[in-house]
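As a basis for the values below, the full set of heavy atoms in this structure was taken, side chains included, without hydrogen atoms, waters or symmetry mates.
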Amino acid sequence: MLKEFREQRIQEIKRLRELGINPYPYSYDKTHSSKQIKDEFAHLEPGKVDENSFVSVAGRIMSLREHGKSAFFHIKDFEGRIQAYIRKDIVGDENYKFFKDFIAIGDIVGIKGNVFKSKTGEITVLVKEIKLLNKPLRPMPEKWHGIKDKEVLYRQRYVDMIANDESLNRFKTRFEIIRMIREFLNSKGFIEVETPILEYVTGGASARPFETHLNVFDIDMYLRIATELYLKRFIVGGFEKVYELGKNFRNEGLSYKHHPEFTSIEIYQAYADYEDMMNLTEELITYIVEKIYGTTKIVYQGQEIDFKRPWRRVKMRDFILENLGVDILEDSDEKMLEVLRSHEVNVEIKDRGHLIEKLWDLVEDKVIQPTFLLEHPVEISPLAKKHREDPRVTERFELIIFGREMANAFSELNDPIDQYERFLKQVELREAGDEEAQMMDKDFIRALEYGMPPTGGLGIGIDRLVMLLTDSPTIRDVIAFPLVRPITFEEEELESERGVDEK
RNA sequence: GGGCCGUUAGCUCAACAGGUAGAGCACCUGACUCUUAAUCAGGGGGCUGUGGGUUCGAGUCCCACACGGCCCA
């Protein structure tokens with residue numbers, strides 16, 4: 001069937017060429033987008049053609065209703081859909097025959113004409129001229145159910161975006177959010193910088209890195225797991241407000257909230273502390289939410305989330321104590337282990353840091369509304385400055401929304417001796433088999449020895465933020481081309497053609 | 001890694017208790033000058049994910065594998 005369709009189309013293209021029509025022309029002069037037409041002519045009276053109007057618009061034909069000597073169709077462009085109406089008495093016999101013989105659903109066309117409002121009140125282009133801009137070889141997906149097969153959605157996102165408007169819109173929103181973040185930070189004097197993706201040692205997070213090899217020096221390298229340590233080198237060097245928005249890589253599992261290649265932003269501001277970063281976080285995220293929704297309230301997976309400031313602040317110690325009755329600062333490792341076991345948590349690595357992380361995992365889901373979780377213990381925060389009033393904890397916060405970590409920030413540790421000792425502890429853990437423990441970065445220590453001003457740093461997970469703001473249940477819905485288990489192109493094609501194609 | 005569910009026409013989905021595989025859309029032919037899930041008449045399209053087994057007979061039951069989804073680690 002698919003093969004027949006393709007054959008038919010190839011024959012059609014041949015006939016077009018014989019008629020002197022290029023099925024793949026070079027450009028088209030558009031005057032309007034679909035949305036501009038709908039906005040500009042919204043005032044028209046139903047049934048009347050605006051003789052003074054002239055528009056030229058292009059897009060893909062998504063539906064087609066023929067009525068003998070006339071036809072209605074919708075074309076879809078980046079901004080939406082617009083209806084067009086073509087009549088034999090207006091375009092002439094020859095052009096109408098061309099339309100009937102050669103124009104079909106899925107084709108990309110350009111149309112020129114006047115604008116009118118149909119009897120049913122829809123803004124419509126009355127076609128004077130139609131030009132074929134591309135003749136696809138494959139059939140479009142079903143017109144009102146779209147594509148539901150997740151495998152096709154992920155492997156062939158272009159088909160998803162053609163068939164499902166909400167998919168196209170989701171990605172529009174994603175890149176809109178990214179643009180707004182840049183807009184916001186640039187307006188505050190932050191400078192977007194770039195740091196290496198290929199690194200000799202990688203750090204700034206607890207994660208297993210991807211390894212690769214640099215032939216020219218014959219050394220193994222890592223893909224970065226975070227941008228933190230290089231951004232701080234910028235601060236040492238004299239930059240005061242920097243950020244980097246880009247991809248990080250962690251060689252770990254896939255889940256609804258994890259993807260090995262993901263996007264984050266890290267922001268550093270000299271002479272600021274974690275309080276300042278909390279304010280920045282609130283301001284930045286409410287700026288985006290209000291710009292997209294026009295209000296501070298959104299609904300995520302049926303749950304209302306209110307970004308109205310100020311957001312709740314709760315200390316990690318207090319929250320775990322309230323919910324599990326265990327004090328992560330005072331109680332013994334044994335007590336914590338006991339609580340974990342009573343919740344049937346399997347603990348593989350039994351150092352204090354991991355026990356605290358596991359305890360937090362148990363209660364994380366209880367935090368729905370935007371909440372700053374404060375003052376994480378030193379053991380689990382090797383890059384954060386100790387709290388000015390309690391050296392057992394750090395000046396750190398995580399932003400938690402809907403049980404998910406959305407952001408992580410500290411008053412940055414700038415004491416080189418303290419940092420060195422923290423790295424040593426991480427190295428111990430690493431040697432004890434914790435593959436996610438951080439690596440010693442001696443050059444980073446050296447940089448700190450030259451002096452880094454007091455600095456506030458903040459990282460935000462862009463994919464998770466986009467999930468929240470587009471009401472997407474899984475991270476793969478907001479990554480345009482997510483990881484999928486590789487099968488060869490031929491296997492993929494066979495899967496859809498079911499062996500009908502002989503080559 | 002473990003458990004559960006799924007894979008049938010290009011797409012979205014049916015098919016009782018094991019008995020010749022079906023619908024809508026899409027595609028092709030024809031009718032129709034304000035339709036919008038247009039309508040009407042006709043037509044083509046399937047190795048039921050892959051491999052094995054049970055059976056006179058398997059989309060359906062059993063085993064293995066592949067891919068996907070959900071939950072757990």
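If you run salt bridge (Lys or Arg N to Asp or Glu O under 4.0 Å) between A:R208 and each of A:E252, A:E436, A:E435, only A:E435 comes through. Considering A:E142, A:K143, A:K148 in turn, A:E142 is the only one that fulfils the side chain to side chain donor-acceptor pair (under 3.5 Å) rule with A:H145.
The ring-ring contact (aromatic ring centres under 6.0 Å, His included) search around A:F41 returns none, not counting sequence neighbours. By the side chain to side chain contact (heavy atoms under 4.5 Å, CB included) test, A:K38 pairs with A:I82, A:I123, sequence neighbours left out.
Ring-centre distance between A:F99 and A:F73: below the 6.0 Å cut-off.
Stem regions annotated for RNA chain B: B:1-7 with B:66-72, B:10-13 with B:22-25, B:27-31 with B:39-43, B:49-53 with B:61-65, counting only runs of 3 or more consecutive pairs of Watson-Crick or G-U type with both contacts under 3.5 Å.
Other residues, nucleotides and ligands contribute more than 12 heavy atoms inside 6.0 Å of the NZ atom of A:K76.
B:C5 and B:G24 have their P atoms separated by 32 Å, with the value rounded to a whole Å. Nucleotides B:U35 and B:C40 have their C1' atoms positioned 15 Å apart, rounded to a whole Å. Nucleotides B:G44 and B:G49 place their P atoms 24 Å apart, quoted to the nearest Å. Between B:C25 and B:U7, the two P atoms lie 24 Å apart (nearest whole Å). For the C1' atom pair drawn from B:U29 and B:A66, the interatomic distance equals 41 Å after rounding to whole Å. For the C1' atoms, the distance linking B:G57 with B:A17 amounts to 15 Å, nearest Å. The same atom, P, is picked in B:A64 and in B:G3; the two are 10 Å apart, to the nearest Å.
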Heteroatom pairs (N/O) under 3.5 angstrom, protein to nucleotides 69-73 of chain B:
unit_1, atom_1, unit_2, atom_2, d
B:G69, OP1, A:R476, NH2, 2.5
B:G69, OP2, A:R476, NH2, 3.2

Please list, for nucleotides 12-14 of chain B, all pairs of protein and nucleotide N/O atoms separated by less than 3.5 Å.
unit_1, atom_1, unit_2, atom_2, d
B:U12, OP1, A:K148, N, 2.9
B:U12, OP1, A:D149, N, 3.2

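In this structure the side chain of A:P377 never reaches within 4.5 angstrom of the side chain of A:R317, judged on heavy atoms. Residues A:I86 and A:V91 are in side-chain contact: their nearest non-hydrogen atoms beyond the backbone lie under 4.5 Å apart. Between A:I305 and A:V299 there is no side-chain heavy-atom pair separated by less than 4.5 Å.
Listed pair A:R6 / B:C27 fails the phosphate criterion, with no side-chain N or O lying under 4.0 Å from OP1 or OP2. Distances shorter than 4.0 Å separate none of the side-chain N or O atoms of A:R138 from OP1 or OP2 on B:G10. Considering only side-chain N and O atoms, A:R485 lies under 4.0 angstrom from the phosphate OP1 or OP2 of B:C67.
Rounded to a whole Å, the CZ atom of A:R87 is 15 Å from the P atom of B:C32. For the pair A:K117 NZ and B:U35 P, the interatomic distance rounds to 16 Å; values are reported in whole Å. Between the C1' atom of B:C28 and the CZ atom of A:R9 lies a distance of 12 Å, rounded to the nearest Å.
Within the cation-pi definition used here (under 6.0 Å to the ring centroid, within 45° of the axis), A:K135 does not qualify as a partner of A:Y24.
Residue-to-nucleotide contacts include a donor-acceptor pair under 3.5 Å from the side chain of A:Q83 to the base of B:U35.
Between the side chain of A:R250 and the backbone N or O of A:I225, at least one donor-acceptor pair lies under 3.5 Å. In this structure a side-chain-to-backbone donor-acceptor pair under 3.5 Å is present from A:R157 to A:A480. Formation of a donor-acceptor pair under 3.5 Å by the A:Y300 side chain with backbone atoms of A:S472 is found in this model.
RNA chain B lies under 4.0 Å from at least one heavy atom of each of the following residues of residues 53-79 of chain A: A:R65, A:E66, A:H67, A:G68, A:K69, A:S70, A:F72, A:H74.
Between the CD1 atom in A:I61 and the CG atom in A:L132 there is a gap of 8.5 Å [rounded to 0.5 Å].
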